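Presented below is the structure to which this report refers.
The analysis underlying the following values was restricted to heavy atoms, covering all of them including side chains, and did not include hydrogens, waters or symmetry mates. Everything numeric here is computed off the predicted structure, so don't read it as measured data.
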Amino acid sequence: MPELPEVETIAQGLRLGGQGIPSLVGMKIERAHLLWERTLATPAPAEFMKRIAGQVIHAIGRRGKFLLFQLSPDTLLIHLRMSGDLIVEPAAAAVQPHHRLMLDFDNGLRLVFNDARKFGRVWLTADPQEVTAKLGPEPFDLELTAEKLHERLLTRRRLLKPLLLDQTFLAGLGNIYTDEALFLSRLHPNTPSDRLTLPHTEILLANIRQVLLEGIRHHGASIDWVYRGGDFQNYFRVYGRKGLPCPVCGTPVERILVGQRGTHFCAHCQKEEMEK
DNA sequence: ACGAGCGCCTGTCGGC
DNA sequence: TGCCGACAGGCGCTCG
C-alpha cells in the first residue's frame, strides 16, 4: 500500500490543494455514494449515508497509514491498503471502474475513494481512537527517542523486519521503506530484535526518519499501475532491485522472503551475524 | 508470544 | 500468441 510518505503526500494535497484542485478544508458533504459495500468498515451503509450528509471537513491529517478527516461531529478515517487512492473530480464525471465510495460536495466536486483490489477500508466514527488506539508511535514523534525504541525492541523477540512492519510497534512503515531503512542501517532483515544494541538502534531510528523524509520530499513512490505523481521509486537503493548492484559495494541485491514478504537486501553490507 | 499459512481482490509481468 | 503462475506499497484471522 501506500506507506507513510504516500499517505502524508495525499493528506497534504487534499489539505493544501494544488494542481488545479482546491483545498477540501471547509467543503460540505452533500451526499455519499457507496459502490462496493465492503469498503465500509463501520457504520452500516444506511447509517453512514445518513450521518455523513451535511458534515463539513474541518481538518485533514494522518496517523500511521490512516487518513483522518475531521468532520463536524464525526471523524472519517480511510485506509488505502494496497491499491487505494483518493481523487478529486467533478461530481458529474463518469464513474470509473474502481470507484468504491464517492462523497459529493455542495460545490460540484466530489472526493472519490478508488481501489482496484478492494482491500481499503473506511470508518465513520465519533471517536477515531476506536480505530487507531492500537497503533504504535509515530516515527517523527519527538518523544520517540532511540532509548525508548531500544526498550521496545528488547521487550520483543521477533525478526527485525516483521517487527518494523507491525503497526502496533511503529506506525507508518511498509515493505519499501523498511527495506530501505534496514539497508542504510546495515542491518539484516532477519536480525532478532532483542539483539540490537543502543548504538544500532540510534542508527536505525535516524535512517527510518531519513528514508521517510526522502519519500515525502519526493511526494512518495509511484509503482505498479497506481500512479500518484511521486518519483521516489527512482531513488530506491535495494527495494525492487534484485540482481542489480548494491549502491555501496556493487554486490547484486538479493530478494528473499521474510515473514511472507518479499525482502530486498545486500548480503555483503547487511550481515546476519552482528559483531557485538 | 511468535511465525506460518491463508483469505481478501484485481491487475501486470515474465517464462514457457 | 496465449496461458499460467508469481507477485504486488496491507492486514486480520486461525493455528501450532
Which residues share a ring pair (Phe, Tyr, Trp, His ring centres under 6.0 Å) with [X], sequence neighbours left out:
X        : result
A:Phe183 : none
A:Tyr235 : A:His218
A:Tyr177 : A:Phe232

Between [N] ([atom2]) and [X] ([atom1]): distance, integer Å:
X        : N      : atom1 : atom2 : result
A:Arg255 : B:dG14 : CZ    : C1'   : 13 Å
A:Gln96  : B:dT10 : CD    : P     : 17 Å
A:Trp123 : C:dG12 : CH2   : C1'   : 11 Å
A:Ile176 : C:dG10 : CD1   : P     : 8 Å
A:Gln233 : B:dT12 : CD    : P     : 17 Å
A:Gln260 : B:dC6  : CD    : P     : 9 Å
A:Ile223 : C:dC7  : CD1   : C1'   : 11 Å
A:Lys65  : C:dG10 : NZ    : P     : 4 Å

Closer than 4.0 Å, any side-chain N/O of [X] to the OP1 or OP2 of [N]?
X        : N      : value
A:Arg121 : C:dG10 : no
A:Lys118 : B:dT10 : yes
A:His98  : B:dC9  : no
A:His79  : C:dC11 : yes

Task: Results of salt bridge (charged side-chain N to carboxylate O under 4.0 Å, His left out) for A:Glu147 - residues two or more places apart only - done: none
Task: Any donor-acceptor N or O pair under 3.5 Å, side chains A:Glu89, A:His99 - done: yes
Open item on the list: Testing the 3.5 Å rule here: is there a donor-acceptor pair between the side chains of A:Thr197 and A:His200?
Closed with: yes
Just list the side-chain donor-acceptor pairs under 3.5 Å for residues 42-62 of chain A, sequence neighbours left out, or say none.
unit_1: A:Glu47; atom_1: OE2; unit_2: A:Arg51; atom_2: NH1; d: 2.8
unit_1: A:Arg51; atom_1: NE; unit_2: A:Asp74; atom_2: OD2; d: 3.1
unit_1: A:Arg51; atom_1: NH2; unit_2: A:Asp74; atom_2: OD1; d: 3.1
unit_1: A:Arg51; atom_1: NH2; unit_2: A:Asp74; atom_2: OD2; d: 3.3
unit_1: A:Gln55; atom_1: OE1; unit_2: A:Ser72; atom_2: N; d: 3.2
unit_1: A:Gln55; atom_1: OE1; unit_2: A:Asp74; atom_2: N; d: 3.3
unit_1: A:Gln55; atom_1: NE2; unit_2: A:Arg51; atom_2: O; d: 2.8
unit_1: A:Gln55; atom_1: NE2; unit_2: A:Asp74; atom_2: OD2; d: 3.0
unit_1: A:Arg62; atom_1: NE; unit_2: A:Glu8; atom_2: OE1; d: 2.7
unit_1: A:Arg62; atom_1: NH1; unit_2: A:Gly64; atom_2: O; d: 3.0
unit_1: A:Arg62; atom_1: NH1; unit_2: A:Glu138; atom_2: OE1; d: 2.9
unit_1: A:Arg62; atom_1: NH2; unit_2: A:Glu138; atom_2: OE1; d: 3.1

Task: Trace of the salt bridge (charged side-chain N to carboxylate O under 4.0 Å, His left out) decision for A:Arg237 with A:Glu214 - done: CA-CA 12 Å; A:Arg237 295 161 177 93; A:Glu214 278 181 36; 3.0 Å; yes
Open item on the list: Strictly by salt bridge (Lys or Arg N to Asp or Glu O under 4.0 Å), give each pair with a member in residues 153-171 of chain A just once, sequence neighbours left out.
Closed with: A:Arg157-A:Asp194, A:Arg158-A:Asp166, A:Lys161-A:Asp179
Open item on the list: Centroid distance below 5.5 Å plus an interplanar angle below 30 degrees: do A:Phe119 and B:dC9 meet both conditions?
Closed with: no
- [ ] Under 3.5 Å for both distances, Watson-Crick or G-U wobble, that's the pair rule; now give the dot-bracket for DNA chain B, with | marking pairs to another strand and [ ] for crossing ones.
- [x] .|||||||.|||||||
If I pick the [atom1] atom on [M] and the same atom on [N], what distance separates them, to the nearest angstrom?
N     : M     : atom1 : answer
B:dA4 : C:dC7 : P     : 16 Å
C:dA6 : B:dG7 : P     : 15 Å
C:dG5 : B:dC6 : P     : 16 Å

Open item on the list: Show every side-chain hydrogen bond (donor to acceptor under 3.5 Å, both in side chains) that has at least one partner inside residues 16-30 of chain A, sequence neighbours left out.
Closed with: none
Task: Among B:dC8, C:dG10, C:dA8, the nucleotide that comes nearest once only the side chain of A:Arg38 is considered - done: B:dC8
Which atoms of nucleotides 1-3 of chain B (N or O only) lie under 3.5 Å from a protein N or O atom, and what are those distances?
unit_1: B:dC2; atom_1: OP1; unit_2: A:Arg157; atom_2: N; d: 3.1
unit_1: B:dC2; atom_1: O5'; unit_2: A:Arg157; atom_2: O; d: 3.3
unit_1: B:dG3; atom_1: OP1; unit_2: A:Leu159; atom_2: N; d: 2.8
unit_1: B:dG3; atom_1: OP2; unit_2: A:Arg158; atom_2: NE; d: 2.7
unit_1: B:dG3; atom_1: OP2; unit_2: A:Arg158; atom_2: NH2; d: 3.2

